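Keep in mind it's a predicted model, so treat the numbers as computed, not measured.
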Amino acid sequence: MQKTRRMAGVAGLSVVALSLAACGGSENEGGEDGVNVGIKFDQPGLGQKVGSGYEGLDVDVANYVAKDAGLGKVTFKEAPSKQREQLIKSGQVKMVIATYSVTDERKQEVSFAGPYFIAEQALLVAKDSKINGVKSLSGKKLCSVSGSTSATKLKEQVPGVNLQEFDTYSKCASALSTGQIDAMTTDDTILSGYAQQDSYKGKFKVVKGVGGDEIYGIGIKKGDTALCKKVNTSLQKMVDSGEWKKSVEKHLGAEYQLNAEKNPPKQETCS
């Protein structure tokens, strides 16, 4: 009788352990259940929610990599700039593909596969604006989003700039269109997307030559070299098959000046 009770107890503990394993984290492993990927929802040409769907270069990269690497169907999650590291570390998403620039500071918290694109920092100003470079920004109202690297870089170069940080680039673009700010800054890819958006067409212009490269990587959990290698293999297939070029031309548009000397970029070694 005692032996029966002991076996029942062991069985009960096993059930509890399995239950805890099933519920003990929000880790998104991919496979048959699919994979959660963080993107931006408000960046035309890159990651944008349109109705019930999503479109842009980042969306295409996510779908291609997930399918090729056997990660299953993608479920897109919004990944605001200042939340990207936490989304990965908490397991709410397996990857972040959201114009996510590779920096030494971010490498302390997450790892990166890729890169898959190299953009450059620029300004977006009104069509008739006299702002033509960094020196013109002193005393002007400059908008970017919290957590982006672009605003920090320009603030260091132009201490006199009046920096205003919003939580989305869409709010910056809206403020620029109404004259509440004088310029917004981020990657030329994102700014070109707003300049070409129907609601702003003909109202804005992109000013280049104000900053350095923005190297887009795919953010993953720190130290996950197995996933990094899988993603890099898939990215190379996307380039070799012509799908990468097709996506760039489709989403960034004919007016975007692609730096063909740097794109598509050479992938870094996973570590």
Side-chain angles (χ1 to χ4, degrees), residues 22-103 105-117 119 144-150 165-173 186-187 189-190 193-194 214-224 226-228 230-232 234-235 238 247 251:
C23 304
S26 51
E27 186 72 25
N28 178 243
E29 295 294 348
E32 292 182 357
D33 294 332
V35 60
N36 292 341
V37 177
I39 61 167
K40 294 290 180 60
F41 281 7
D42 68 335
Q43 291 183 348
L46 294 151
Q48 185 178 25
K49 187 172 184 180
V50 182
S52 59
Y54 305 89
E55 59 186 41
L57 173 62
D58 290 352
V59 173
D60 286 355
V61 170
N63 284 326
Y64 190 98
V65 166
K67 183 177 180 181
D68 186 76
L71 299 175
K73 185 179 178 182
V74 174
T75 298
F76 290 108
K77 304 286 184 182
E78 188 169 19
S81 294
K82 63 182 179 181
Q83 295 178 18
R84 290 178 292 199
E85 289 82 20
Q86 190 54 40
L87 286 169
I88 295 170
K89 291 163 77 173
S90 66
Q92 293 179 69
V93 300
K94 195 167 186 66
M95 300 182 286
V96 166
I97 309 177
T99 57
Y100 198 10
S101 298
V102 179
T103 67
E105 183 180 6
R106 288 172 180 158
K107 281 183 176 178
Q108 299 300 312
E109 299 191 64
V110 300
S111 292
F112 287 95
Y116 63 94
F117 197 88
S144 195
V145 301
S146 305
S148 77
T149 55
S150 304
E165 294 181 291
F166 292 176
D167 56 353
T168 65
Y169 289 114
S170 296
K171 291 179 181 176
C172 283
T186 183
D187 310 346
T189 47
I190 301 170
Y194 282 113
E214 296 290 346
I215 302 170
Y216 295 167
I218 296 180
I220 59 176
K221 183 163 282 189
K222 189 169 176 60
D224 193 345
L227 178 60
C228 177
K230 273 187 181 181
V231 171
N232 279 357
S234 298
L235 281 176
M238 188 176 184
S247 180
H251 295 297

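Evaluation of the side chain to side chain contact (heavy atoms under 4.5 Å, CB included) rule for Lys230 yields Ala69 as partners, not counting sequence neighbours. By the salt bridge (charged side-chain N to carboxylate O under 4.0 Å, His left out) test, Glu78 is found to be paired with no residue, residues two or more places apart in sequence or in another chain being considered. Partners of Tyr54 according to the ring-ring contact (aromatic ring centres under 6.0 Å, His included) rule, which considers only residues two or more places apart in sequence or in another chain, are Phe41, Phe76. Considering only residues two or more places apart in sequence or on other chains, Tyr194 meets the ring-ring contact (aromatic ring centres under 6.0 Å, His included) condition with none of them. Residues forming a ring-ring contact (aromatic ring centres under 6.0 Å, His included) with Tyr169 (at least two apart in sequence, or on another chain): none. Partners of Lys171 by salt bridge (charged side-chain N to carboxylate O under 4.0 Å, His left out), not counting sequence neighbours, listed by chain and number: Asp167. Residues that satisfy the side chain to side chain donor-acceptor pair (under 3.5 Å) test with Gln86, not counting sequence neighbours, are absent from this structure. Residues satisfying the salt bridge (charged side-chain N to carboxylate O under 4.0 Å, His left out) test with Lys107, not counting sequence neighbours, are Glu268. Taking Cys228 as the reference, Ala113, Ile220, Asn232, Cys270 meet the side chain to side chain contact (heavy atoms under 4.5 Å, CB included) condition, with sequence neighbours excluded.
Note that CG of Asp42 and NZ of Lys49 are 12.0 Å apart. Values are rounded to the nearest 0.5 Å. Considering CD of Gln48 and CG of Leu57, their distance stands at 13.5 Å, rounded to 0.5 Å. Atoms OG and NZ, on Ser111 and Lys221 in that order, are 11.0 Å from each other to the nearest 0.5 Å. Here the CG-CE distance, from Leu227 to Met95, works out to 6.5 Å after rounding to the nearest 0.5 Å. Here the OH atom belonging to Tyr100 is positioned 10.0 Å from the NZ atom belonging to Lys40, to the nearest 0.5 angstrom. Atom-to-atom distance recorded for Asp187:CG and Leu46:CG is 8.0 Å, nearest 0.5 angstrom.
For the 3.5 Å distance criterion, the side chains of Ser90 and Gln92 qualify, holding a donor opposite an acceptor. Between the side chains of Ser247 and Tyr64, no donor-acceptor pair is found at a separation under 3.5 Å.
Considering every non-hydrogen atom in both Ala62 and Val37, the closest pair reads CB-CG1, 4.0 Å. Between Pro115 and Ile215, the closest heavy-atom pair is CB-CG2, 3.4 Å. In this structure, Tyr216 and Ala119 approach most closely via the heavy-atom pair OH-CB, 3.6 Å. Nearest approach of Ala66 to Val74, heavy atoms of both residues: CB-CG2, 3.4 Å.
The closest side-chain heavy-atom distance from Thr99 to Gln43 is below 4.5 Å.
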Apply the test side-chain contact (heavy atoms from CB on, under 4.5 Å) to residues Leu235 and Ile218: give CA-CA distance (whole Å), side-chain angles for both, the deciding distance (0.1 Å), then the verdict.
CA-CA 10 Å; Leu235 281 176; Ile218 296 180; 4.1 Å; yes
Determine, stepwise, if the pair Met238 / Val61 fulfils side-chain contact (heavy atoms from CB on, under 4.5 Å).
CA-CA 8 Å; Met238 188 176 184; Val61 170; 4.1 Å; yes
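Without hydrogens or angle criteria, Arg84 side chain to Ala98 main chain gives a donor-acceptor distance under 3.5 Å. Of the possible donor and acceptor atoms, none in the side chain of Thr75 sits under 3.5 Å from a partner among the backbone N and O of Asn36.
Within the structure, salt bridge (charged side-chain N to carboxylate O under 4.0 Å, His left out) pairs that include any residue of residues 53-72 comprise Asp68-Lys237 (at least two apart or interchain).
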